[in-house]
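Accompanying notes for the structure given below.
Each residue takes its place number in the sequence, starting with 1. Reckoned from all heavy atoms, side chains included, excluding hydrogens, waters and symmetry mates. The structure displayed is predicted, hence computed values, not measured ones. Order of listing sets the numbers, starting from 1, for every ligand and every atom in it.
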Amino acid sequence: MSNSRKTYSANEQLLLYTQVEGICPICTKPLYYEKNGQIHKKYEIAHIYPLNPTPKEVELLKNEKRLSIDVNSLDNVIPLCPDCHEKFDKPRTIEEYRMLYKIKESLIQKSKIMNTYSYFNIEDEIRVVLQKLNLESGELAKLEYTALKVEQKSDNTLPLLLKKQIINDVTEYFKFIQSIFVEIDKECPEKFNTLAMQIKGFYYKCRQTTQSQEDIYHSIVAWIHNKTGKYSLRACEIIVSFFIQDCEVFS
Ligand SMILES: [Zn+2]
């Protein structure tokens, strides 16, 4: 018996389109075009595991993980530009299946975490730290290399390149950020502890979705960035490095 193709509602399509941020996740072409002042869609909803696989495809994918047991589930479909859809389906290859599986898996993970943003507050004072970091131009007191905790708290899900950046950020900015928090706490006692608990809470939320330290790092950076009006992504990275050293993240 063959599976019938599901017609996705306008809202389901909107969700899928938003998930890929309006671009083909394979070739990055826009999934719409403008003609005579009107916007037209230029995408097709592709099944990652095929809707009705041929016996050859069943054999090819028999040991592969699936994103859902229901082939028509929103977790098993993704908008692609017509060219990439055609190439993805014909001929089907195991490499492309794995590639699209990974892309979709991380998109699902990202939307799950984004959907919880509104439940996790962050004190406004974090903006003071971001602004001071962004405007900082002088020579800063560095943290001694021997005081670093990143090394013992990281595992093999944290790529070396990112680990080096975190180590650099901690060495360079830890003492500076600490001094800003001391000042903030003088005016509003326990502000730092409140903030640290909020970061820790969001860290644990991320851990429910993924164990990858790289993904968790980027998720916390994106959360703070979104919560602070997208003021400075770089400053958010430095803040997360601070909280790694301070043990709220990767604890
Ligand atoms: Zn494409």
**OP:** Return the orientation label for the Phe181 and Phe242 ring planes: parallel under 30°, perpendicular over 60°, tilted otherwise.
**Re:** tilted

**OP:** Could you tell me if the ring centre of Phe243 sits under 6.0 Å from that of Tyr217?
**Re:** no

Original post:
How would you list, by chain and number, every residue that makes a salt bridge (Lys or Arg N to Asp or Glu O under 4.0 Å) with Glu248, sequence neighbours excluded?
Top reply: none

Original post:
For Tyr43, is the NZ or CZ atom of Lys41 found under 6.0 angstrom from the centre of its six-membered ring and inside 45 degrees of the ring axis?
Top reply: yes

Subject >> Heteroatoms of the protein, restricted to N/O/S, which lie under 2.8 Å from the Zn ion (ligand 1) >> reply: Cys24 SG, Cys27 SG, Cys81 SG, Cys84 SG

Original post:
Does a donor on one side chain and an acceptor on the other come within less than 3.5 Å for Asn72 and His47?
Top reply: yes

Original post:
If we ignore angles and hydrogens, is there a donor and acceptor under 3.5 Å between the side chains of Gln19 and Lys110?
Top reply: no

